[in-house]
Amino acid sequence: SNIGDIEVLNLGNNGLEEVPEGLGSALGSLRVLVLRRNRFARLPPAVAELGHHLTELDLSHNRLTALGAEVVSALRELRKLNLSHNQLPALPSQLGVLAHLEELDVSFNRLAHLPDSLSCLYRLRTLDVDHNQLTAFPRQLLQLAALEELDVSSNRLKGLPDDISALRALKILWLSGAELGTLPIGFCELTSLESLMLDNNGLQDLPTQFSQLQRLKMLNLSSNHFEEFPAALLPLAGLEELYLSRNQLTSVPSLISGLGRLLTLWLDNNRIRYLPDSIVELTGLEELVLQGNQIAVLPDNFGQLSRVGLWKIKDNPLIQPPYEVCMKGIPYIAAYQKELAHSQPAVQPRLKLLLMGHKAAGKTLLRHCLTEEIVEGSHAGGDKQKNYPPSPPASSKGIEVTSWTADASRGLRFIVYDLAGDESYEVIQPFFLSPGALYVLVVNLATYEPRCFPSTVGSFLHRVGARVPHAVVCIVGTHADLCEERELEEKCLDIHRQIALQEKHDAEGLSRLAQVVDEALARDFELRSASPHAAYYGVSDKNLRRRKAHFQYLLNHRLQILSPVLPVSCRDPRQLQRLRDKLLSVAEHREIFPNLHRVLPRSWQVLEELHFQPPQAQRLWLSWWDSARLGLQAGLTEDRLQSALSYLHESGKLLYFEDSPALKEHVFHNLTRLIDILNVFFQRDASLLLHKLLLGTSGESEGEGESSPVMSLPTQSQDLLRATQLHHYVEGFLLHGLLPAHVIRLLLKPHIQAQQDLQLLLELLEKMGLCYCLNKPKGKPLNGSTAWYKFPCYVQNEVPHAEAWINGTNLAGQSFVAEQLQIEYSFPFTFPPGLFARYSVQINSHVVHRSDGKFQIFAYRGKVPVVVSYRPAKGVLQPDTLSIASHASLPNIWTAWQAITPLVEELNVLLQEWPGLHYTVHILCSKCLKRGSPNPHAFPGELLSQPRPEGVAEIICPKNGSERVNVALVYPPTPTVISPCSKKNVGEKHRNQ
C-alpha cells in the first residue's frame with residue numbers, strides 16, 4: 001500500500017528483460033532506479049514514465065544495443081546515468097537535453113564517436129568513456145567547462161588537441177592506453193589536475209612546462225618509453241604517488257629528495273643500476289617498489305625509510321646488503337647495515353657448481369679431472385712438464401660433493417655437486433638445485449645424436465628452468481677425443497641450434513598464451529561469463545591478472561644459456577685447462593654472478609664456522625632452534641638468522657629449505673652424511689644393497705632383536721638362510737618399494753647409533769616425500785609390530801581397478817550413475833621429476849585403504865573414493881597430466897569436493913617449489929566423463945578460487961550445446977571469495993590496471 005513512497009529501487013541481478021508498464025504511475029516518489037546486471041537489450045519504455053522525478057539511473061552490465069530517443073528525452077531530471085558494460089555503437093543526440101546531468105558513464109561499449117549535443121551538458125562533472133572505439137579526442141568535451149573527472153582510457157586517440165587547456169576544472173584525468181605518443185604544450189595548463197593516469201602511451205619525454213601542474217598528487221607514467229627520469233617531475237613538490245614502472249630508466253636523479261611529500265614510489269621493471277644516496281631522505285615513503293631492475297647496492301642508511309610497508313626488491317642482482325636480507329624488509333636492511341658498519345667484514349668468494357646430465361655423460365670423470373691439482377714435474381731432459389693425476393673409474397657412486405679451490409690466489413672456491421644421471425635419482429635431485437649456482441650440463445658427444453636432444457639436453461634445460469628461473473647454464477661436451485673433427489663441429493652446432501629452437505618455441509608459446517589472457521581481459525567479465533566458448537570462461541579479472549603476471553615472469557626469467565658448446569676430452573690437458581679458465585671467467589663475471597665477491601658481516605662467517613665445529617659437526621642435521629642458538633653465539637638474532645642460512649644454502653655449504661613447510665625446521669649442514677644416506681636408497685643396485693645388508697647383520701640378529709628360528713641353525717645354514725631372506729627383501733624393495741624398518745636400520749647401520757636415530761631418519765625421509773609408513777595407524781604406536789615403509793618411486797606394478805574406476809566403471813566392471821569430479825593439471829613443457837612419487841607420500845595422511853601403482857593411486861577419504869593418476873605425454877605435442885578424481889551422487893557431491901580439496905592443496909604446495917614451471921589446471925566436464933568422451937571439455941581451474949555465480953544453477957557444456965552441467969560440479973562449495981574493487985579509489989584502480 002506504501003509502494004508510492006519508495007525513493008530507491010534496486011532490481012539488479014534479476015535476469016530482467018522488460019519492466020512492467022505503469023511503473024511510473026505506481027512509483028511516484030522514485031528518485032533512484034538500479035537495473036544493473038540484467039538482460040535488457042533496449043532502454044525500457046516504462047522508464048520514461050519516471051522522467052519527471054528520476055535523478056539516478058543505473059543500466060550497466062546489460063545487453064543494450066540502442067537507447068530509445070523518446071525515453072532519453074523524458075529523463076530530463078537525471079543527474080547520474082550509468083550505461084557502462086553494454087554493446088552501444090552510438091549515443092542518441094537527445095542526450096543533450098539532460099541539462100541537469102552531472103555524472104555519465106558509458107565505458108566498455110562500442111562507441112566510435114560521441115554526439116555533438118554532448119557539449120550542451122554544462123553541468124557535467126564526471127564523464128567515463130574508457131574502453132570504447134574512439135579514434136580521436138572528442139572535441140565536444142572541450143565545451144564542458146565544469147568537468148572535473150574524465151576517463152578516456154583504452155581508446156586509440158593518437159594524440160590530444162592543444163586547446164585541451166579549456167578543461168581547466170579537471171582534477172582527475174585518465175588517459176591510460178590512449179596511444180598518445182606526446183603531450184601538447186596546452187596540456188600543461190590543466191593546473192587543477194590532482195590525479196593523472198598516462199600509463200601505456202609510448203611517451204618518451206614530458207614537456208618542460210609539465211612542472212606547472214603544481215596541484216598534482218598522483219601521477220602514473222608506467223609502461224612508457226622513458227629512458228631518463230623526467231626532469232619536469234622534480235619541481236612537483238606536492239606529489240604523493242609516482243608510478244614509473246615498466247620503462248627503460250637507468251638511473252634516478254639525486255634531486256628526487258625534493259619530492260618530500262612522496263608516499264608511494266614505483267620504479268619496478270626498469271634498468272636502474274643504482275639509487276642515489278639522497279633517496280633515504282624520502283622518510284615519508286610508505287610504498288617503495290624496485291623489483292626487476294639491476295640494482296646491486298643499496299645506499300647506506302637505507303633503514304631511515306622506516307615507514308615503508310609495501311617493499312618489493314626481488315629480481316635484482318643485490319650484493320650489498322645480500323639478497324636474502326633485502327627480501328625480509330627495511331628493518332633487516334637497517335640492522336645489517338648497522339652491523340656491517342661496526343664489525344670487520346669478510347669476503348668469501350664461493351660458488352655452487354652443479355654437474356648435470358644423462359647417465360654415462362662423463363660427469364664423474366670430468367669432475368675428477370677438473371678438481372684434481374696439476375703438479376709440476378720434469379722429464380729426463382730436465383725440461384719442466386705438467387703431470388696430471390690418473391683418471392678415476394668412469395662411474396659415480398651416486399650424488400657426490402667436492403670442494404674445489406679453483407684459484408688459490410683469489411680464494412675462489414667451487415662447491416661441486418655431481419648429480420647422478422640415473423633415473424632413480426630424479427626424485428631427490430631437485431633438492432640440490434638452488435638459485436645463485438652455475439649449472440654445467442654434460443653431454444657425451446661420442447654417443448650424441450640429434451634425435452636424442454630432448455632426452456640428453458632439452459629435458460634438463462626445462463627442468464632447471466622450472467626449478468630455478470633465470471639460472472646460468474653452461475653446456476660441456478665430453479669424449480671429444482672419440483669424435484672426428486667435422487663430426488665434433490656438427491654435433492656442437494646441432495646442440496646449439498636445437499637449444500635456440502627450443503627456447504624460441506617455448507617463448508613464443510608463452511607469448512601466445514599471454515596474448516589470450518590479454519584478449520580475455522579486454523572483454524568485459526559479463527561477456528566472458530555469458531559464453532562457455534569464451535577463453536577463460538567465467539574467470540575473474542583478478543585471476544586473469546595473476547595469470548598474466550605469471551606468464552610475464554616466465555618470459556622475463558628465461559635461462560641464461562652460455563654458448564657455444566664447450567667440447568672437452570679428459571685426456572687432453574689443454575682442453576681441461578681451457579674449461580677451467582672458462583668456468584673461472586663465468587664465475588667472476590660480475591653481471592652474471594654479482595654476489596660472488598660481496599662483503600659479508602663477520603657474524604655470518606662465524607655462524608658458518610660454528611655449524612662445522614664439534615659437537616654439532618658430527619650430527620646429521622640441526623633443528624632450526626639448534627641453528628638459532630649458534631646464531632646467538634655469532635651475534636645474530638633469531639629474526640636475522642634466516643638470511644644467513646639462505647646465503648649458506650645458495651653458496652652450497654649446506655641445505656636449508658626455507659620455502660618447504662615440511663623441511664624448513666631442519667638445517668642440513670652435514671652434507672656428506674646426508675648424501676650417503678640418500679645414495680643408499682637410490683642406487684638401484686641389488687648386489688650393493690645385499691652387500692650392505694650382509695655387512696649390517698654381522699654380530700646381530702636380522703630381526704630387530706626378536707628371537708629368530710635362524711639362530712637355532714648351524715652357522716653355515718644361518719648365513720645361507722639369512723642371505724636368502726635379505727635377498728627377498730632387496731627384490732621386494734626394487735619391485736614394490738617395500739622395506740621393513742629393521743632392514744632400513746641394517747642399510748643405514750653406520751649412521752645409526754640408537755633406535756631414536758632410526759626414527760628421526762625415517763621421519764626425515766617422510767618429510768622429504770621419499771617414503772611413508774604403510775601400516776602405522778594415524779597418531780598411534782605400532783605396539784611392537786614391524787613397521788613397513790613404501791618408497792613410491794620404486795613401485796612398478798599397475799593397478800587395473802583404479803584405471804577402470806576413472807573411466808566410469810566400478811570394480812565389477814559395470815557403469816555407475818554417480819557424478820564424477822575430476823581436476824586435471826596439465827604440464828606442456830616439463831613434468832617435475834619425482835613429483836608424482838613425492839606427491840603420493842604427501843597425501844598419505846589424508847587417505848586410507850590405498851592401493852598404489854606406478855602411475856596411479858586408488859584410495860579413500862573416509863568412505864569417498866579418490867583416484868590420483870599421472871599420464872606421461874605420448875608425443876611431443878601432448879602434455880603430461882596429473883588428475884585427482886572422485887565421485888558421488890549429485891545431492892552428495894559436496895562429499896567428493898571434501899575428499900579431493902586437501903589433495904589439491906597438497907599438490908599446490910609441492911608445485912610452489914617450481915616457480916619457473918608452466919602448468920594449467922582444469923575442471924573436467926562431468927557430463928563428458930559420464931559419456932566416456934576421450935576429450936572432455938575442460939572448465940578453467942581458476943573457477944576453483946571463485947564463488948559460485950549468483951542465480952546460476954547450470955552451465956552449458958560447449959562440447960554439446962544442449963547438455964547442461966550442474967554448477968555444483970564446477971565450483972567447489974567454499975572457495976576464496978574475491979572482493980570487487982571500487983573504481984572511485986584512484987590508487988586501487990591503478991593497481992588493478
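In what follows, every heavy atom counts, from backbone to side chain, and hydrogens, waters and symmetry copies are set aside.
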side-chain contact (heavy atoms from CB on, under 4.5 Å) with M768: which residues, sequence neighbours excluded?
-> F431, L663, L678, L764, L770

Non-hydrogen atoms of [X] and [Y] that approach each other most closely:
X    : Y    : value
H550 : P915 : CE1-O, 3.6 Å
L762 : A741 : CD1-CB, 4.4 Å
V401 : I675 : CG2-CD1, 3.1 Å
A587 : F414 : CB-CZ, 3.8 Å
A466 : T830 : CB-CG2, 4.1 Å
V443 : T456 : CG2-O, 4.4 Å

Whether [X] side chain and [Y] backbone form a donor-acceptor pair below 3.5 Å:
X    : Y    : answer
D418 : E400 : no
S403 : I415 : no
Q616 : L622 : no
R463 : P832 : no
R413 : P349 : no
Y839 : L903 : yes
T478 : A361 : yes
N679 : I399 : yes
H669 : L654 : no

Compare all side-chain heavy atoms of [X] with those of [Y] and state whether any distance is below 4.5 angstrom.
X    : Y    : answer
W604 : P322 : yes
V476 : C474 : yes
F733 : L689 : yes
C771 : K790 : no
V868 : Q856 : no
L438 : V473 : no
L739 : L747 : yes
F681 : L765 : yes

Does the distance from a Lys or Arg side-chain N to an Asp or Glu carboxylate O, for [X] and [Y], drop under 4.0 Å?
X    : Y    : answer
R838 : E913 : yes
R350 : E608 : yes
K767 : E665 : no

Separation between [atom1] of [X] and [atom2] of [Y], rounded to the nearest 0.5 Å:
X    : Y    : atom1 : atom2 : value
L645 : F657 : CG    : CZ    : 12.5 Å
E731 : L726 : CD    : CG    : 12.0 Å
I475 : L441 : CD1   : CG    : 4.5 Å
S459 : H358 : OG    : NE2   : 6.5 Å
L917 : Q912 : CG    : CD    : 12.0 Å

Please confirm whether K653 makes a cation-pi placement over F612, using NZ or CZ under 6.0 Å from the six-membered ring centre and within 45° of the ring normal.
-> yes

Could you give me the CA-CA distance, side-chain angles and deciding distance for Y825 and N908, then say whether side-chain hydrogen bond (donor to acceptor under 3.5 Å, both in side chains) is met?
-> CA-CA 10 Å; Y825 288 70; N908 290 339; 2.8 Å; yes

Go through the structure and list residues passing ring-ring contact (aromatic ring centres under 6.0 Å, His included) with Y417, not counting sequence neighbours.
-> F432

Taking side-chain hydrogen bond (donor to acceptor under 3.5 Å, both in side chains) as the test, write out the residues that go with N444, two or more places apart.
-> H479

Please identify each residue that fulfils side-chain hydrogen bond (donor to acceptor under 3.5 Å, both in side chains) with Q878, with sequence neighbours left out.
-> none

Determine, step by step, whether E423 and R684 satisfy the salt bridge (Lys or Arg N to Asp or Glu O under 4.0 Å) criterion, reporting the C-alpha distance in whole Å, the side-chain angles of both residues, the deciding distance to 0.1 Å, and the verdict.
-> CA-CA 10 Å; E423 288 184 3; R684 282 189 191 268; over 6 Å; no

Would you say the ring centers of [X] and [Y] fall short of 6.0 Å from each other?
X    : Y    : result
Y789 : Y772 : no
Y656 : F668 : no
F831 : Y870 : yes

[Y] and [X] side chains, donor-acceptor separation under 3.5 Å:
X    : Y    : value
S627 : H611 : yes
H557 : D315 : yes
N844 : R850 : yes
H736 : Q796 : no
D506 : H462 : yes

Only one of E324, E658, K328 passes side chain to side chain donor-acceptor pair (under 3.5 Å) with S646; say which it is.
-> E658

Give a yes or no on this: more than 12 heavy atoms of other residues, nucleotides or ligands lie within 6.0 Å of atom NE2 of H751.
-> yes

Given L911 and L835, is the side chain to side chain contact (heavy atoms under 4.5 Å, CB included) satisfied, shown in steps?
-> CA-CA 9 Å; L911 290 174; L835 177 67; 3.9 Å; yes

The salt bridge (Lys or Arg N to Asp or Glu O under 4.0 Å) partners of R673 (sequence neighbours excluded) come to none

Please name all residues satisfying salt bridge (Lys or Arg N to Asp or Glu O under 4.0 Å) with K359, sequence neighbours left out, ordered by chain then number.
-> D422

